Amino acid sequence: MSYEILYGEVRKALKEVIPSEDEFYLEKPLLEEHGDVATTIAFKLAKKIKKNPLEIANEIYSKLIQIKEKYPLIKEIKVINGYINFYVNEKLFTKLVIEEILSKRKEYGKINLGNGKKVLIEHTNTNPNKAIHIGHSRNTCLGDSLSRILKFVNYNVYTLNYIDDTGSQMADIILGFTKLGFPLESQIRFDKYCGDHIYVKVNELYETNKELLVEKQKIIKEIDSQSTEIAEFTRNIARKVLYYQLQTCLRLGAYFDLINWESDIVRFNLLKRTLQILDEKRIITKETEEENKGCIVIKSKLIKGHEKETDQVIIRSDGSSTYLAKDIAYAFWKLGIIKDEFKYKFNKEYPIPCYETDIEGNEDIKFGGADLAISVIDVRQTRLQDVIKSIISLVGGEEMAKRYIHYKYELVALSNKAAKELGYHTESKIVHMSGRKGIYFNTDDVLDKLKEKIKQIVKKNNPEKDEKWVEEISEKVAVSALRYALLKLDNDKVLVFDFDETLRLEGDSGVYVLYSYVRTKGILRKVREFKIGNYEEYIPNDMEVKIIKKLAWFTEAVKIAAQNLQPQIIIIYIRDLCDLFNSYYEKYPVINSEEPARSFRIILVECVSQVLENAMNLVGMTPVEYL
RNA sequence: GCCCUGGUAGCUCAGCUGGAUAGAGCGACGGCCUCCUAAGCCGUAGGUCAUGGGUUCAAAUCCCAUCCAGGGCGCCA
């Protein structure tokens, strides 16, 4: 907020001097010597009135200097290279920042961007036939962090996990149970059992036994009908796998408000309603000849940007619906194009207790009809998501389509070395994961391995603590380290996973962040008995001022992260703050310094600690007191 | 073939949407524990921002072309 106040003052001062302008192009200079706020207004005006920018800057400057006294946060103004640079009154600024952090505490950084608007965030969406692997977890971490950030800026957020219990991957394991004699019980955790053993094995068998593919088609049809014994059986298997997937999500610190069963889109007639609307709007066509004979399709000419591609089949010639058809219905439900026909039941049995769609549900709650629908789905589905957006636009107009966001991110792949560990040998630098071929790392396994590594160090650092204590700390650190690693990369970059490279314990890592936080806590633990003197008497040194400014910047980081839907902004912020704090920590003693420096420094450390905690929360990292 | 995305230090990546002298981590080299946790800190070396053109006061950032890498173009999801 402090930056808001400073920016506000600068804007007001500029407006007073240049009443004709409304936009002042404020920015934060990269170099300290260029002050705290800069404006490029002189360049903009130069273009407009065809005058030398330097001359204009000087004119503005001479006017500004006369009214400067009215703006207490502005200490100094300079013109450098045509920029007008403002320097903050550091003493006053410091006071404002500290007071704000200490009064707001956990609330510090909260701003109102959302006005309580309803947002649905769909994430994770792992097929219920396997355990969650690190690729899925990138999705979970992004979606969960987004939901935390948007909540923080006053959106009314609901998180959804869309479970495809009707698709072909589901049929693969059902085939395993019903035709290939895999027992229903196993010593292995059920999600891993289905994914690591049955799914991989069944896909292997398809290679040699084509009959099985025929059986699979039968099963798909039975599942789709939703009325047979197989359909019932499938639902139970899916629910059991989901149970363990949710355990993994819980371990990662993610939560859900609602499980959307894809089969319920059909069962609750959402698909039927959707098809009616598409038919009324003449968006779908029943093909009577050529290759899509008997199918209901969307003509490609209707799809913006994909006019030259093939038509989209949404109902197959056998009458079954494609994934796309259900996804359109799902999107319509999210945006309120169709009424919320679902029934919901609260399921407290899940590791993450939450609602789920259920034919016998009777809870008095409605999730559909949101102001904004964000779907966290990897880049491979870009085209399908484009199709959905085009259709929304045709049905509800451009404005409505803007409320549907495909939040895309690149895949997690494996390094050549990592693939080799799984017994997959190749020349290529990166290897894409594949559930079918068994080329993947399950998130729980990765976390367990990471935890073991961390445990050794925690034990060494805290020899007096017992096993349980070490275990708890190590678990939190492992999860935070994984979240950090999965979040720090930009969404449009492929994350090449390699255990040792990706999950480093030093440098730009989650462990480094926690270590920095632990240092703040170490100091604060020791000063509990000290009485805090009047810290305002102290004049902060350069490094302290830098930290204060960084602390103040948190609100801006939150704003940018929320507006651009970029949790990475928070990660970068956290790292920057840790870097500053660690340098400071090495250079200046806190407890052993003289008053009033000591009081000030204790307060400063308190603030760093608090802001780090708030920031970590936004990306789902768990602060620990010891390491 | 068509469409989309990426290419910044040896490696992995930032660079706040057009601004001032392009920054971190890892790796390499040299230092720092009598002192709040050395999973840390300080210093050195390392760059034709893939290439070529363009737009303008100003380009890593925008436009065009080319090259390289990845993805998408199913009655799969």
Side-chain angles (χ1 to χ4, degrees), chain A residues 25 27-31 33-34 38 40 43 46-47 52-54 80-83 85 125 127 164 166-170 220 262 287 291-297 305-306 308-310 312-318 320 322-324 326-327 378-384 386 408 410-411 413 429-430 432 454 457-458 461-462 477 488-490 492-496 498 501-502 504-509 511-512 514-516 518-527 553 556-557 560 564 566 568-569 571-572 575-576 578-579 582-593 601 605 626-627:
Chain A
Y25 311 97
E27 53 185 56
K28 190 171 174 240
L30 277 96
L31 288 146
E33 61 207 74
H34 293 143
T40 52
F43 297 112
K47 191 169 266 178
N52 186 336
L54 271 151
I80 306 169
N81 301 335
Y83 287 83
N85 298 331
N125 298 4
N127 279 321
D164 179 12
T166 64
S168 115
Q169 297 201 14
M170 200 61 217
I220 289 178
E262 185 171 299
E287 292 288 14
E291 76 251 81
N292 289 335
K293 189 173 173 186
C295 297
I296 295 177
V297 306
H306 300 274
K308 288 178 192 161
E309 296 170 15
T310 52
Q312 289 289 330
V313 172
I314 66 166
I315 302 293
R316 303 186 187 103
S317 52
D318 67 359
S320 62
T322 61
Y323 161 79
L324 175 63
K326 286 173 256 192
D327 222 11
D378 74 57
V379 289
R380 289 172 303 183
Q381 285 198 38
T382 304
R383 205 178 73 86
L384 278 180
D386 281 354
K408 55 185 161 188
E410 266 291 355
L411 299 175
K429 258 178 94 177
I430 66 167
H432 281 289
I454 290 164
I457 305 168
V458 175
N461 289 349
N462 306 277
V477 176
K488 75 171 184 179
L489 205 57
D490 228 53
D492 48 22
K493 293 249 168 51
V494 175
L495 193 146
V496 181
D498 179 293
E501 291 294 319
T502 309
R504 309 197 74 95
L505 305 184
E506 338 85 32
D508 183 10
S509 74
V511 176
Y512 168 78
L514 287 179
Y515 182 72
S516 315
V518 163
R519 281 179 148 183
T520 67
K521 284 297 177 189
I523 294 171
L524 295 174
R525 258 199 309 278
K526 291 195 172 120
V527 299
W553 187 254
E556 297 299 308
I560 296 166
N564 300 331
Q566 277 185 303
Q568 293 83 356
I569 298 286
I571 295 282
I572 292 168
R575 224 237 353 260
D576 285 351
C578 288
D579 287 348
N582 279 320
S583 301
Y584 179 68
Y585 182 94
E586 300 281 343
K587 200 166 169 189
Y588 298 100
V590 174
I591 298 166
N592 296 323
S593 55
R601 286 173 183 175
V605 172
Y626 299 83
L627 223 165

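In what follows, chains are A, B, ... by sequence order, proteins preceding strands, each numbered from 1. All values reported here derive from a predicted model rather than from experimental measurement.
- Candidate nucleotides B:rC36, B:rU21, B:rA38 were compared by shortest atom distance to the side chain of A:Y515, and B:rA38 ranks first.
- Using a 90° window around 0 for the glycosidic torsion, B:rC33 falls inside it and is classed as syn.
- A close approach under 4.0 Å does not occur between any side-chain nitrogen or oxygen of A:Y588 and OP1 or OP2 of B:rC35.
- Here A:V494 lies in heavy-atom contact (under 4.0 Å) with sugar-phosphate atoms only.
- Residue A:V477 is classed as having no contact, given no heavy-atom separation below 4.0 Å to the nucleic acid.
- Dashed line: the shortest gap from a side-chain N or O of A:S583 to OP1 or OP2 of B:rC42 is under 4.0 Å.
- For A:N292, counting side-chain heavy atoms from C-beta on, the closest listed nucleotide (B:rC75, B:rU21, B:rA39) is B:rC75.
- Counting any heavy atom pair closer than 4.0 Å across all strands shown, A:V511 reaches a base atom.
- Computed from coordinates, the A:K28 NZ to B:rG18 P distance equals 19 Å when rounded to whole Å.
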Quick one: do A:D490 and A:Q566 satisfy side chain to side chain contact (heavy atoms under 4.5 Å, CB included)? Show the steps, please. CA-CA 8 Å; A:D490 228 53; A:Q566 277 185 303; 4.2 Å; yes
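- Nucleotides B:rA38 and B:rG46 place their P atoms 31 Å apart, quoted to the nearest Å.
- Straight-line distance from the CG atom of A:D378 to the C1' atom of B:rG72: 11 Å, rounded to whole Å.
- B:rA14 atom C1' lies 15 Å from atom CG of A:L495, rounded to whole Å.
- Judged by distance alone, the side chain of A:K28 and the main-chain N or O of A:W553 form no donor-acceptor pair under 3.5 Å.
- By the 6.0 Å and 45° rule, A:R525 stacks over the aromatic ring of A:Y626.
- The separation of B:rC26 from B:rA22, taken at their P atoms, amounts to 23 Å, rounded to a whole angstrom.
- Across B:rG6, B:rC75, B:rG27, the shortest atom-to-atom separation from the side chain of A:R316 is found for B:rC75.
- The nucleotide whose nearest atom lies closest to any side-chain atom of A:E27 is, among B:rA77, B:rA20, B:rA38, B:rA20.
- B:rU21 atom P lies 13 Å from atom CG of A:N85, rounded to whole Å.
- Between the side chain of A:R601 and the backbone N or O of A:P589, at least one donor-acceptor pair lies under 3.5 Å.
- Among the protein residues, A:K493 comes within range of the sugar-phosphate backbone only, with heavy atoms under 4.0 Å from sugar or phosphate atoms but none that close to a base.
- Here, B:rU17 and B:rG25 have their C1' atoms 25 Å apart, quoted to the whole Å.
- One N or O on the side chain of A:N462 and one on the backbone of A:V458 form a donor-acceptor pair closer than 3.5 Å.
- Nucleotides B:rA58 and B:rC35, compared at atom C1', are 50 Å apart to the nearest Å.
- Checking B:rC42, B:rC26, B:rA38 against the side-chain heavy atoms of A:Y585 singles out B:rA38 as nearest.
- Considering only the side chain of A:N81, B:rA20 comes nearest among B:rA20, B:rA77, B:rU5.
- Distance noted for atom P between B:rA45 and B:rA50: 24 Å (whole Å).
- Residue-level contact check: A:I572 touches the backbone only, with heavy atoms under 4.0 Å from sugar-phosphate atoms and none from bases.
- Looking only at distances, a side-chain donor or acceptor of A:N461 sits under 3.5 Å from a matching main-chain atom of A:L627.
- The distance between atom CZ of A:R575 and atom P of B:rG40, rounded to the nearest whole Å, is 13 Å.
- At a threshold of 4.0 angstrom between heavy atoms, the contacts of A:L384 include nucleobase atoms, whether or not backbone atoms are also involved.
- Using a 4.0 Å heavy-atom distance criterion, A:Y626 is classed as a base contact.
- Comparing B:rA59 with B:rG54, their C1' atoms sit 11 Å apart, to the nearest whole Å.
- For B:rC75, the base has a donor-acceptor partner in the side chain of A:S317 [N/O atoms by modelled type, under 3.5 angstrom].
- Between the side chains of A:Y512 and A:R504, not a single donor N or O lies within less than 3.5 Å of an accepting N or O.
- Nucleotides B:rC64 and B:rG27 have their P atoms positioned 41 Å apart, rounded to a whole Å.
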Both atom distances under 3.5 Å, Watson-Crick or G-U wobble: I'd like the secondary structure of RNA chain B as a dot-bracket string, with | for pairs made across strands. (((((((..((((.....[...)))).(((((.......))))).....(((((..]....))))))))))))....
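- For B:rU55, the base is anti relative to its sugar; the glycosidic angle deviates from 0 by more than 90°.
- The base of B:rA38 has none of its N or O atoms less than 3.5 Å from a complementary donor or acceptor on the side chain of A:N461.
- Counting only heavy atoms from C-beta on, A:A38 has its side chain closest to B:rA20 among B:rA20, B:rA24, B:rC26.
- Closest to the side chain of A:R525, from the set B:rU37, B:rG74, B:rG70, is B:rU37.
- Note on A:I560: only backbone sugar-phosphate atoms sit closer than 4.0 angstrom, heavy atoms only; bases stay farther off.
- Counting any heavy atom pair closer than 4.0 Å across all strands shown, A:N564 reaches no nucleic acid atom.
- Taking every side-chain heavy atom of A:E262 into account, B:rA77 is the closest of B:rU12, B:rG40, B:rA77.
- Residue A:K293 is classed as a base contact, given a heavy-atom separation below 4.0 Å to a base.
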Can you check side chain to side chain contact (heavy atoms under 4.5 Å, CB included) on A:D164 and A:N125, steps first, answer last? CA-CA 8 Å; A:D164 179 12; A:N125 298 4; over 6 Å; no
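- Using a 4.0 Å heavy-atom distance criterion, A:L411 is classed as making no nucleic acid contact.
- Across all strands shown, A:T310 has heavy atoms under 4.0 Å from sugar-phosphate atoms exclusively, and none from any base.
- The separation between A:E410 atom CD and B:rU12 atom P is 15 Å, rounded to whole Å.
- Here, B:rU55 and B:rU48 have their P atoms 25 Å apart, quoted to the whole Å.
- A residue-by-residue look at A:V379 and A:L324 shows that A:V379 has its nearest nucleotide of RNA chain B further toward the 5' end.
- Picking from B:rG71, B:rC16, B:rC36 the nucleotide with the shortest atom distance to the side chain of A:K526 gives B:rC36.
- Here A:F43 lies in heavy-atom contact (under 4.0 Å) with a base.
- At a threshold of 4.0 angstrom between heavy atoms, the contacts of A:L524 with the nucleic acid are absent.
- Regarding A:Q312, its CD atom lies at a distance of 15 Å from the P atom of B:rG72, rounded to whole Å.
- Rounded to whole angstrom, the span from the OH atom of A:Y323 across to the P atom of B:rA77 amounts to 9 Å.
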